[in-house]
Student: 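Questions regarding the structure given below will be posed in turn.
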2 protein chains.
Amino acid sequence: MELDTIDRQLLNLLQENALLTVRELAERVHLSITPVHDRIKKLENQGIIEKYVALINRKRIGRGMMVYCFITLDKQRQESFQEFNEAIRQLPEVLECSVVSGNFDYLLKVIVSDMEAYNTFYQSKLSVLHSVSHMSSSFVMEEVKSTTQIGL
Amino acid sequence: MELDTIDRQLLNLLQENALLTVRELAERVHLSITPVHDRIKKLENQGIIEKYVALINRKRIGRGMMVYCFITLDKQRQESFQEFNEAIRQLPEVLECSVVSGNFDYLLKVIVSDMEAYNTFYQSKLSVLHSVSHMSSSFVMEEVKSTTQIGL
DNA sequence: GTTGAAACCGGTTGTCT
DNA sequence: AGACAACCGGTTTCAAC
């Protein structure tokens with residue numbers, strides 16, 4: 001169950017590039033192919049490695065705008081959160097949504113093509129949700145860092 | 001340069017699962033292997049597909065805490081932003097960092113093991129940066145949605 | 001665009017130490 | 001647990017249509 005140094009190295013390498021061959025991985029961690037193969041399968045079966053995905057460049061496919069959205073719900077109704085969560089999961093523009101502590105209830109990361117698209121999204125998909133009581137938007141002007149790699 | 005329906009389908013499929021074989025992809029988009037192979041290579045060469053990575057479950061490797069951090073810089077000094085950007089890129093705990101519009105300058109997504117680790121990170125790595133003038137933290141209590149897939 | 005063939009390479013498995 | 005070898009299935013390239 002516990003990860004040793006080799007496992008951590010493998011996870012670091014695979015988070016960087018999932019196409020590395022078992023042979024290459026084996027060379028980098030100074031083991032032979034078999035144990036590396038077994039370790040990777042184990043990490044997959046344990047659910048530590050969740051999936052392998054392609055990351056695409058959003059700007060090159062016309063998704064130049066990224067916006068963080070802060071939302072507060074009307075907490076009068078008990079079912080507000082459930083309803084809101086389910087609605088959000090259906091929206092492809094929302095890549096991340098978390099319930100957070102602080103001055104608002106939710107923090108969303110939204111990706112759209114431009115300001116016009118954001119306006120449409122905002123007015124016809126977000127503000128339309130009954131449970132929303134307050135919203136505010138913060139537009140991304142520069143991405144200083146963006147990675148999926150959890151350092152180990 | 002423009003993406004057609006087939007390209008978008010391929011990107012959707014590969015964003016969901018990068019291990020799909022060319023044969024499987026070909027079946028799903030109703031083409032033969034050759035053009036699908038060529039299209040994928042083209043998307044890679046154009047930089048539309050940036051990389052293939054393994055996504056790992058942070059909770060299963062002891063990174064149970066996620067925090068959004070809002071930072072305002074002291075703008076007296078011209079070089080503040082450059083310095084801060086470079087410092088942030090070196091911190092493995094910071095997965096995302098953006099310059100944003102609104103009441104603060106930066107929004108960071110930070111991943112650590114627990115509150116103690118966050119406290120250490122906060123005090124010895126963030127507040128230590130000269131350019132920082134104000135900080136506030138918002139702790140993630142529930143991840144409603146978390147995906148890398150940009151819907152096409 | 002499609003099909004089919006060939007070469008090559010990596011994953012996978014079994015067996016050995 | 002790690003090393004070695006054989007097999008299978010995939011990718012990749014090519015030719016022809």
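Numbered from 1 within each chain, the chains take letters A, B, ... in sequence-line order. Because the structure is a prediction, the values reported are computed rather than measured.
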Student: Tabulate below the donor-acceptor pairs under 3.5 Å that side-chain atoms of residues 131-142 of chain B make, not counting sequence neighbours, or state none.
Tutor:
{"from": "B/Ser137", "atom 1": "OG", "to": "B/Tyr118", "atom 2": "OH", "distance (Å)": "2.7"}
{"from": "B/Ser138", "atom 1": "OG", "to": "A/Ser101", "atom 2": "O", "distance (Å)": "2.5"}

Student: Which dot-bracket notation, 5' to 3', represents the base pairing of DNA chain C when pairs are defined as Watson-Crick or G-U with both distances under 3.5 Å, crossing pairs as [ ], and inter-strand pairs as |?
Tutor: ||||||||||.||||||

Student: Rounding to a whole Å, what distance do you find between A/Leu25:CG and C/dT12:C1'?
Tutor: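 After rounding, the gap between these two atoms is 15 Å.
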
Student: Taking atom CD of A/Glu116 as the centre, report whether more than 12 heavy atoms of other residues, nucleotides or ligands fall under 6.0 Å from it.
Tutor: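 12 or below, so no.
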
Student: Measure CD/A/Glu44 against P/C/dG11 and give the value in whole Å, please.
Tutor: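 Going from CD in A/Glu44 over to P in C/dG11 covers 11 Å.
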
Student: I'd like the 5' and 3' limits of the part of DNA chain D contacted by chain A, with heavy-atom contacts below 4.0 Å.
Tutor: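 Answer, 5' to 3': D/dG2 to D/dC4.
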
Student: Within the structure shown, what part of the strands sits under 4.0 Å from B/Thr21 by heavy-atom distance: base, sugar-phosphate, or nothing?
Tutor: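 Sugar-phosphate, no base atom in range.
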
Student: Over how many whole Å does the gap from B/Arg23 atom CZ to C/dG4 atom C1' extend?
Tutor: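 Whole-Å distance recorded here is 12 Å.
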
Student: Is the shortest distance from a Lys or Arg side-chain nitrogen in A/Glu50 or B/Arg58 to a carboxylate oxygen in the other one below 4.0 Å?
Tutor: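 Looking at B/Arg58 together with A/Glu50, the answer is no, because their closest N to O distance does not fall below 4.0 Å.
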
Student: Is the closest basic N to carboxylate O distance between B/Lys145 and A/Glu96 below 4.0 Å?
Tutor: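 Salt bridge between B/Lys145 and A/Glu96, a charged N being under 4.0 Å from a carboxylate O: no.
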
Student: Taking the inter-plane angle between the rings of A/Tyr106 and A/Phe84 on a 0 to 90° scale, is it parallel (under 30°), tilted (30 to 60°) or perpendicular (over 60°)?
Tutor: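 The rings of A/Tyr106 and A/Phe84 sit tilted, inter-plane angle from 30° to 60°.
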
Student: Taking the side chain as every heavy atom from C-beta outward, state whether B/Leu25 and B/Leu31 have any pair of such atoms under 4.5 Å apart.
Tutor: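 Not in contact.
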
Student: Enumerate the side chain to side chain donor-acceptor pair (under 3.5 Å) contacts for residues 23-36 of chain A, please, sequence neighbours excluded, ordered by first and then second residue.
Tutor: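 Pairs touching residues 23-36 of chain A that pass the test: A/Thr21-A/Glu24.
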
Student: Establish, from distance only, whether the side-chain atoms of A/Asn12 and A/Glu16 form a donor-acceptor pair under 3.5 Å.
Tutor: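 A/Asn12 vs A/Glu16: no donor-acceptor pair found between side chains.
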
Student: Using the test side chain to side chain donor-acceptor pair (under 3.5 Å), find all partners of B/Asn103 that sit at least two apart in sequence or belong to another chain.
Tutor: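 Here no residue qualifies.
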
Student: Going by an N to O cut-off under 4.0 Å, is there a salt bridge joining A/Asp105 and A/Lys75?
Tutor: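 Yes, this pair counts.
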
Student: In terms of the angle between their ring planes, are A/Phe70 and B/Phe70 parallel, tilted or perpendicular, with boundaries placed at 30° and 60°?
Tutor: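 Correct class here is perpendicular.
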
Student: Rounded to the nearest Å, what distance is computed from the CD1 atom of residue A/Ile40 to the C1' atom of nucleotide C/dG11?
Tutor: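 After rounding, the gap between these two atoms is 10 Å.
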
Student: Grab the N/O contacts between the protein and nucleotides 13-15 of chain C below 3.5 Å, and write none if there aren't any.
Tutor:
none

